[in-house]
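Lettering follows sequence order; numbering is per chain, from 1.
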Amino acid sequence: MNEKLLILGDQAVALGALHAGISGVYAYPGTPSTEITEYIQQSPLARERGVYSDWCTNEKTAMEAALGASFIGKRALVCMKHVGMNVAADAFVNAAMTGTHGGLVVLAADDPSMHSSQNEQDSRFYGKFAMVPIFEPSSQQEAYDMVREAFDLSEAVKLPVLMRLTTRMAHSRAVVTPAPSREPNGISFSEDRSRWVLLPVNARRRYSEVIALQDELRKRSAASTHNRYQPGNRQGVIACGIAYNYLMENYPNGCDRTVLKVSQYPLPVEPLRQMMADCDEILVLEDGQPFVEDQLRGLLDDTGKIRGRMSGQLPRTGELTPDNVRAALGLPGIALNEPSEYVVPRPPALCAGCGHRDVYTMLNEVAKEYENSKIFSDIGCYTLGALPPFRAIDSCVDMGASITMAKGAADGGLFPAIAVIGDSTFTHSGITGLLDAVNSKANITVVISDNLTTAMTGGQDSAGTGKLEAICWGVGVEREHVRVVVPMAKNYDEIRRVLREEIEYPGVSVIIPRRECIQTLKRNLKKQRS
Amino acid sequence: MKRDIILSGVGGQGILSIAAIIGEAALRKGLYVKQAEVHGMSQRGGDVQSNLRLSSEPIHSDLIPRGGTDAIIAMEPMEALRYLPYLSPEGWMVTNSTPFINIPNYPDTEQLLKTLKERPRVILVDADALAKDHGMPRAVNMVLLGAASAILGLDASLLEEAVAGLFASKGTEVVEMNVQAFRLGREAATQQVKGAGHAE
């Protein structure tokens with residue numbers, strides 16, 4: 001199998017994982033990571049092998065299920081966007097404490113410049129925090145190759161391996177030549193039973209073991225073919241992941257600087273010492289936060305040699321580009337056309353015909369009847385309710401925060417406190433908050449805007465489809481205060497009435513406006529026609 | 001040979017199909033290809049773009065440096081102008097002239113088109129009208145691709161094969177329609193390129 005494929009970085013990871021012999025991929029959709037799992041779901045090889053690939057309810061359940069697969073000796077891949085690492089963090093950090101048996105690779109897709117995210121946190125900090133190896137490919141081919149190495153490394157050192165992509169690697173296509181595929185592992189169990197039971201007595205022993213492993217990990221980083229020292233002049237550059245490409249783009253005839261390409265962590269110490277001796281200044285190029293730069297500078301920066309985002313050579317925020325890297329390298333600028341005066345921003349908007357539009361039209365109208373009404377919203381397409389023409393929402397923070405923030409505000413005396421959350425976000429992280437609200441009889445009105453899919457990431461299955469009322473009843477919301485409406489203009493009178501009644505009810509009520517996402521509806525109709 | 005191309009438009013206008021076809025044709029020609037896409041939130045009626053790079057030499061960056069773009073191919077005129085600072089001084093703009101107006105402050109269309117016409121090396125085709133007039137309203141993007149083929153430096157036959165390949169699963173009728181749309185656009189553009197005295 002040496003055909004050449006023009007595939008996304010995400011797809012290269014997916015194919016690499018399949019060919020490395022995974023038994024399952026565990027994930028919750030999130031831009032820019034979604035296409036990894038989708039590729040495996042559509043892969044004939046995955047189907048033939050029975051590779052597990054259903055979407056999980058959230059990143060934490062995904063991480064834990066993958067650890068279970070690892071426990072029985074199977075290889076598993078976990079995928080998420082960077083903020084998903086926050087949700088999975090409890091399981092992720094402690095998976096380093098238990099260690100793994102079958103290979104376990106955790107893929108985090110970071111989104112510097114926040115193209116589709118609420119922050120630009122850098123997942124490499126999580127890898128360092130959990131003290132596990134980190135891989136950061138610089139090309140789609142390297143991404144493909146590295147996944148297998150990551151599984152091998154995981155099985156060799158018995159730790160999860162973190163693989164980090166950024167948006168431009170995840171969502172860019174290039175040619176990948178696949179390697180021969182290998183079979184998944186059979187079932188086996190680890191000889192050390194106690195390390196999986198993190199009682200303090202076992203955890204203390206494991207913590208010492210993980211710390212003792214760090215030297216070994218650094219040695220492997222130093223020996224890695226993905227970390228390369230290229231001697232040159234006394235101006236040094238450390239280029240991490242895809243930053244290496246932006247560097248080389250600016251030297252079409254070859255780079256005369258001393259370059260350390262970094263794609264595997266923990267940082268190898270020897271080549272860094274070498275560069276410190278060989279160079280008068282060192283520019284650190286890394287997409288995301290100044291992870292390497294910060295380690296090299298420390299608080300005191302007693303070398304005075306380290307340049308990068310913290311020193312101002314590169315912008316402190318936003319993704320790297322060939323242009324800001326060029327400026328940081330001190331190369332002459334390129335003459336540019338002036339921007340046109342006839343260009344205005346074109347922000348994204350809720351689709352024409354989307355049910356969320358009807359929900360916000362009604363909410364705005366009814367909320368206006370109260371002096372202090374606040375609408376706490378959440379993560380999804382409906383966050384676009386913040387933009388004109390609706391300007392309906394007062395908050396959007398993290399998955400599930402709508403319900404719990406409304407509860408906290410209601411506890412403090414706000415009325416009416418309204419939460420708006422999508423169906424997929426509700427099952428991801430809204431149910432526990434709803435239970436809190438029920439237990440304290442909080443006076444909140446929760447709107448679960450149900451479009452029967454995970455819409456913003458492209459219409460993946462939603463874990464709560466067909467179960468939302470039962471979940472709300474089960475959590476303890478009174479049956480007569482779980483109301484379902486169909487968000488369409490012809491039902492506005494009914495929706496208005498239901499909203500008013502449930503806002504006036506002094507307790508937890510849930511209103512479920514339910515209508516299929518207009519995008520999935522169109523796609524399904526198209527499928528039926530063909 | 002190097003072609004750095006920015007494809008631009010509004011979410012849902014079909015720029016990724018254009019990118020896929022050019023990419024496929026370039027691969028068949030044995031060129032290196034990189035193509036950065038936009039997925040996610042910005043697709044909901046917002047502006048979208050794709051950086052497509054073709055070269056006989058290995059390509060480093062997934063993103064095109066500013067001032068280095070050889071061709072902007074736009075499904076919509078304002079989205080062509082959005083990337084002006086990325087266009088090289090010798091670069092071409094190939095754009096559909098029918099505006100996509102989904103915002104209240106869309107600029108004056110006449111002024112917009114006048115600005116475009118005043119620029120050197122611009123191919124302006126009414127891809128919407130051409131497609132509609134020939135009974136293929138869903139092949140607007142293939143008309144535009146055909147127009148762009150006049151300046152891309154890739155053989156039209158290679159591109160047509162790639163068009164056919166992309167639509168093969170939908171039957172010969174759909175394939176033929178899209179190939180015809182491609183030819184319509186190519187013909188419209190070839191006249192303009194000759195008129196501008198810049199035929200390649």
Side-chain angles (χ1 to χ4, degrees), chain A residues 4 6 8-9 31-32 34-35 111 115-117 140 167-175 242 244-252 319-323 325-326 333-352 354 381 383-384 388-389 456-458 519 530, chain B residues 10-12 19-20 23-24 26-27 32-47 51-53 57-68 77-89 91 100 102-108 111-112 115-116 119 169-171:
Chain A
K4 286 184 186 325
L6 181 62
L8 296 173
T31 312
T34 313
E35 292 80 0
D111 190 20
H115 297 281
S116 300
S117 307
Q140 289 77 353
T167 303
R168 299 302 178 179
M169 170 55 58
H171 284 171
S172 178
R173 283 173 209 278
V175 168
I242 60 170
Y244 182 76
N245 305 337
Y246 300 141
L247 172 69
M248 298 316 285
E249 180 73 28
N250 281 298
Y251 291 100
E319 66 184 346
L320 294 181
T321 66
D323 310 311
V325 167
R326 185 177 182 84
I334 296 166
L336 302 180
N337 290 307
E338 289 292 315
S340 167
E341 57 182 309
Y342 293 105
V343 175
V344 295
R346 195 192 299 260
L350 289 169
C351 305
C354 167
C381 287
T383 315
L384 294 171
M456 195 169 74
T457 45
Q519 296 291 341
S530 64
Chain B
V10 181
E24 174 63 27
L27 279 187
Y32 290 92
V33 176
K34 275 203 171 184
Q35 185 215 336
E37 302 176 356
V38 176
H39 297 213
M41 194 168 211
S42 47
Q43 285 177 302
R44 301 271 172 268
D47 57 282
N51 279 205
L52 176 59
R53 314 192 72 187
E57 303 298 319
I59 302 163
H60 295 292
S61 167
D62 297 86
L63 297 176
I64 300 169
R66 289 207 284 177
M78 183 176 80
E79 297 307 329
L81 285 175
R82 189 182 300 282
Y83 302 97
L84 207 49
Y86 284 84
L87 191 65
S88 96
F100 189 104
N102 64 346
I103 45 172
N105 56 336
Y106 193 91
D108 181 77
Q111 285 295 327
L112 190 61
T115 308
L116 278 165
R119 289 196 57 79
S169 64
K170 297 183 175 172

Worked verdict on A:His115 versus B:Val38 for side chain to side chain contact (heavy atoms under 4.5 Å, CB included): CA-CA 9 Å; A:His115 297 281; B:Val38 176; over 6 Å; no

Contacting region of A:Pro347 [heavy-atom separation from chain B under 4.5 Å]: both

CD on B:Glu37 to CD on A:Glu35, rounded to 0.5 Å: 8.5 Å

From OG (B:Ser61) to CG (A:Leu247), nearest 0.5 Å: 11.0 Å

Over 12 foreign heavy atoms within 6.0 Å of OH, B:Tyr106: yes

Structural part of A:Glu341 lying under 4.5 Å from a heavy atom of chain B: neither

Least distance between heavy atoms, A:Pro322 atom then B:Leu63 atom: CG-O, 3.5 Å

Most chain B-contacting option - heavy-atom pairs closer than 4.5 Å, from A:Gln140, A:Arg168, A:Met169: A:Arg168

Gap between atom CD of B:Glu79 and atom CZ of A:Arg346 - 0.5 Å precision: 4.5 Å

Partner chain B: residue of A:Ala174, A:Ser340, A:Pro32 with the largest heavy-atom pair count (under 4.5 Å): A:Ser340

B:Leu52 versus chain A, the contacting section by heavy-atom distance below 4.5 Å: neither

Pair A:Arg173-B:Val33, side chain to side chain contact (heavy atoms under 4.5 Å, CB included): steps then yes or no: CA-CA 8 Å; A:Arg173 283 173 209 278; B:Val33 176; over 6 Å; no

Chain A contact via B:Leu81 - side chain, backbone, both or neither, heavy atoms under 4.5 Å: both

Top of B:Pro104, B:Pro107, B:Pro85 for chain A proximity - count of heavy-atom pairs under 4.5 angstrom: B:Pro85

Side-chain heavy-atom pair A:Arg326, B:Pro65 within 4.5 angstrom cut-off: no

Separation of A:Ser172 OG from B:Asn51 CG (nearest 0.5 Å): 8.5 Å

Exam field: side chain B:Arg66 to backbone A:Ala335, donor-acceptor pair closer than 3.5 Å: no

Minimum heavy-atom distance between A:Pro345 and B:Arg82, given as atom pair plus value: CA-NH1, 4.0 Å

Straight-line distance of B:Leu84 CG to A:Tyr342 OH, nearest 0.5 Å: 13.0 Å

